[in-house]
Number of protein chains: 2
Amino acid sequence: MDRRQQKTRTAIFTAFSTLLAQKSYSKITVQEIIDTANVGRTTFYAHFETKDDLLKALCEELFGHIITSALDCTHTHGLYSDRNAPESVFCHLLQHLQENENNILGLLSCESSELFLRYFKDSLNDLTQNQFVNQNRRNNQNIPQDFLINHISGSFVEMVLWWLKDKKKHTPEELDCYFRAVIEPIL
Amino acid sequence: MDRRQQKTRTAIFTAFSTLLAQKSYSKITVQEIIDTANVGRTTFYAHFETKDDLLKALCEELFGHIITSALDCTHTHGLYSDRNAPESVFCHLLQHLQENENNILGLLSCESSELFLRYFKDSLNDLTQNQFVNQNRRNNQNIPQDFLINHISGSFVEMVLWWLKDKKKHTPEELDCYFRAVIEPIL
DNA sequence: ATAAAAAAGAACAATATGTTCGTTATCAAA
DNA sequence: TTTGATAACGAACATATTGTTCTTTTTTAT
């Protein structure tokens with residue numbers, strides 16, 4: 001691929017991320033993005049159809065490899081390796097988030113965090129579902145599998161939201177411990 | 001209060017709700033709202049500072065009494081009246097939602113449901129917190145109370161989101177049953 | 001070196017925003 | 001029922017954003 005394309009694409013992503021750290025998504029204009037990225041108006045629209053399109057692309061880039069990395073983890077460990085195992089996939093995810101690659105946490109902490117977390121939850125749903133079909137789980141009370149999957153990924157996302165609002169006063173390991181305590185009883 | 005004020009306020013709310021059923025919040029313009037409500041531009045800005053302000057006012061109106069009603073319920077029953085009791089506050093909430101007063105479910109089903117559910121969750125947090133301070137709960141594994149409160153209200157909100165996406169294939173009573181099954185083990 | 005592709009830059013119509021004015025209609029209270 | 005207050009109207013306004021179209025310049029891959 002042409003280096004110029006990659007360069008502007010990166011410039012736009014960076015500018016967008018910078019702006020997201022300053023103000024909410026809805027208040028960011030295309031004008032600001034291209035000013036910050038220092039690219040022409042035409043160039044922006046050659047890459048992305050709309051601002052929403054840009055957001056989607058950014059999410060795919062951000063959550064893409066964090067999820068695939070987690071998927072590798074489940075292939076070796078299972079959803080939770082063991083009831084008393086030291087780490088679960090969720091701990092892995094939290095650590096990955098905190099490592100701050102591409103400044104994901106910065107983005108998730110911004111005013112538009114919910115926006116990102118919806119994308120994140122979609123990915124988590126796939127991840128969790130994957131686990132359920134592979135493992136033949138006992139279903140203790142005729143709870144629909146859909147419900148359980150949604151409960152797990154939903155709770156995780158809400159936990160991350162809480163974690164960030166709370167200025168990350170807890171370590172990924174602590175959170176993992178709490179999360180397993182509230183999730184494992186129902187598996 | 002002047003009847004005229006009440007009348008335009010209602011007209012704007014109704015117009016806004018109608019539009020929300022058709023398109024996402026971000027794509028609705030003030031222009032459309034005043035056209036639909038059939039009020040002057042000046043009038044709109046006399047009532048609400050911005051579109052965001054309107055959304056906030058609508059949420060307060062919608063969730064205000066649904067929560068106070070639930071609060072009454074907790075005063076008599078407790079968070080869950082009893083492990084085997086037929087109804088919990090959450091069932092009450094779900095039924096209330098489904099009764100379709102002010103067409104809440106219609107709004108929650110729209111493209112901008114997350115927007116509303118964030119407001120809803122804030123109210124739920126207060127509700128849940130209220131319960132925790134009144135009842136002296138056993139805390140089985142040193143999980144922070146904040147975490148538990150957030151887990152409960154967060155899970156509930158995510159469940160409603162799932163319920164709506166799923167076209168409400170389940171009754172409030174079924175959902176309540178599932179929800180208690182995943183929440184009660186940790187209380 | 002050259003043809004293809006990408007970015008810049010300027011200009012465009014269309015639309016949305018929030019404000020200001022003077023005018024008209026409606027209300028509540030005497 | 002009159003009257004003073006106030007809410008709504010409507011038109012106009014400057015300002016800003018959007019998405020598109022054009023031509024010109026720069027950069028790339030081969």
- Message: Give the residues of residues 25-38 of chain A touching DNA chain D, defined as any heavy atom closer than 4.0 Å, sorted by residue number.
- Response: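 Here the set is Thr29(A), Val30(A), Gln31(A).
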- Please work out whether the ring planes of Phe48(A) and Phe13(A) are parallel, tilted or perpendicular, with thresholds of 30° and 60°.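 Judged by the thresholds at 30° and 60°, the geometry between Phe48(A) and Phe13(A) is tilted.
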Please report the distance, rounded to the nearest Å, between [atom1] in [X] and [atom2] in [N].
{"X": "Tyr45(A)", "N": "dT17(D)", "atom1": "OH", "atom2": "P", "result": "11 Å"}
{"X": "Asp53(B)", "N": "dT17(C)", "atom1": "CG", "atom2": "P", "result": "14 Å"}
{"X": "Gln6(B)", "N": "dT6(D)", "atom1": "CD", "atom2": "P", "result": "18 Å"}
{"X": "Asp52(A)", "N": "dG19(D)", "atom1": "CG", "atom2": "P", "result": "9 Å"}
{"X": "Phe48(B)", "N": "dA8(D)", "atom1": "CZ", "atom2": "C1'", "result": "15 Å"}
{"X": "Gln5(B)", "N": "dA5(D)", "atom1": "CD", "atom2": "C1'", "result": "12 Å"}
{"X": "Lys7(B)", "N": "dC27(C)", "atom1": "NZ", "atom2": "C1'", "result": "12 Å"}

- Query: Testing Leu58(B), Thr36(B), Leu54(B) for side-chain contact (heavy atoms from CB on, under 4.5 Å) with Ile12(B), which one passes?
  - Reply: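 Exactly one pass, corresponding to Leu54(B).
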- Between Glu49(B) and Arg41(A), just flag the one whose closest nucleotide in DNA chain C comes earlier from the 5' side.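 Nearer the 5' end of the strand: Arg41(A).
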Donor-acceptor pair between [X] and [Y] side chains, under 3.5 angstrom:
{"X": "Gln95(A)", "Y": "Glu173(A)", "result": "yes"}
{"X": "Lys165(A)", "Y": "Asn150(B)", "result": "no"}
{"X": "Tyr25(B)", "Y": "Asp52(B)", "result": "yes"}
{"X": "Ser155(B)", "Y": "Ser155(A)", "result": "yes"}

- Query: For the helix from dA1(C)-dT30(D) to dA30(C)-dT1(D), what angle lies between the axis at the first five pairs and the axis at the last five pairs, to 10 degrees?
  - Reply: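 If I round to tens, the end axes sit 40° apart.
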- Query: Closest approach of Tyr178(B) and Asn142(A), non-hydrogen atoms and distance?
  - Reply: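 Nearest pair, atom of Tyr178(B) first, then Asn142(A): CE2-O, 4.0 Å.
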- Item | Gln5(A) versus His47(A), closest heavy-atom pair with distance |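 Distance-wise, the nearest heavy atoms are O-CE1, 3.5 Å.
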- Under 4.0 Å protein heavy-atom contact, by nucleotide of nucleotides 21-30 of chain D - B base, S sugar-phosphate only: BB---BBSS-
- Query: Between dA8(D) and His47(B), is there an OP1 or OP2 to side-chain N/O distance shorter than 4.0 Å?
  - Reply: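 For dA8(D), OP1 or OP2 has a side-chain N or O of His47(B) closer than 4.0 Å.
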- Phosphate contact (dC9(D) OP1 or OP2) by Thr43(B) side-chain N/O below 4.0 Å: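 Affirmative; the distance criterion is met.
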- Task: Kindly check if the number of other-residue, nucleotide or ligand heavy atoms within 6.0 Å of CD (Glu99(B)) is above 12?
- Result: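 For Glu99(B), atom CD is crowded (more than 12 foreign heavy atoms under 6.0 Å).
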- When the ring centroid of Phe179(B) is compared with that of Phe156(B), is the distance short of 6.0 Å?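 Under 6.0 Å, so yes.
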- Can a salt bridge be assigned to the pair Arg180(A) and Asp176(A) using a cut-off of 4.0 Å between side-chain N and carboxylate O?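 Yes, Arg180(A) and Asp176(A) are salt-bridged.
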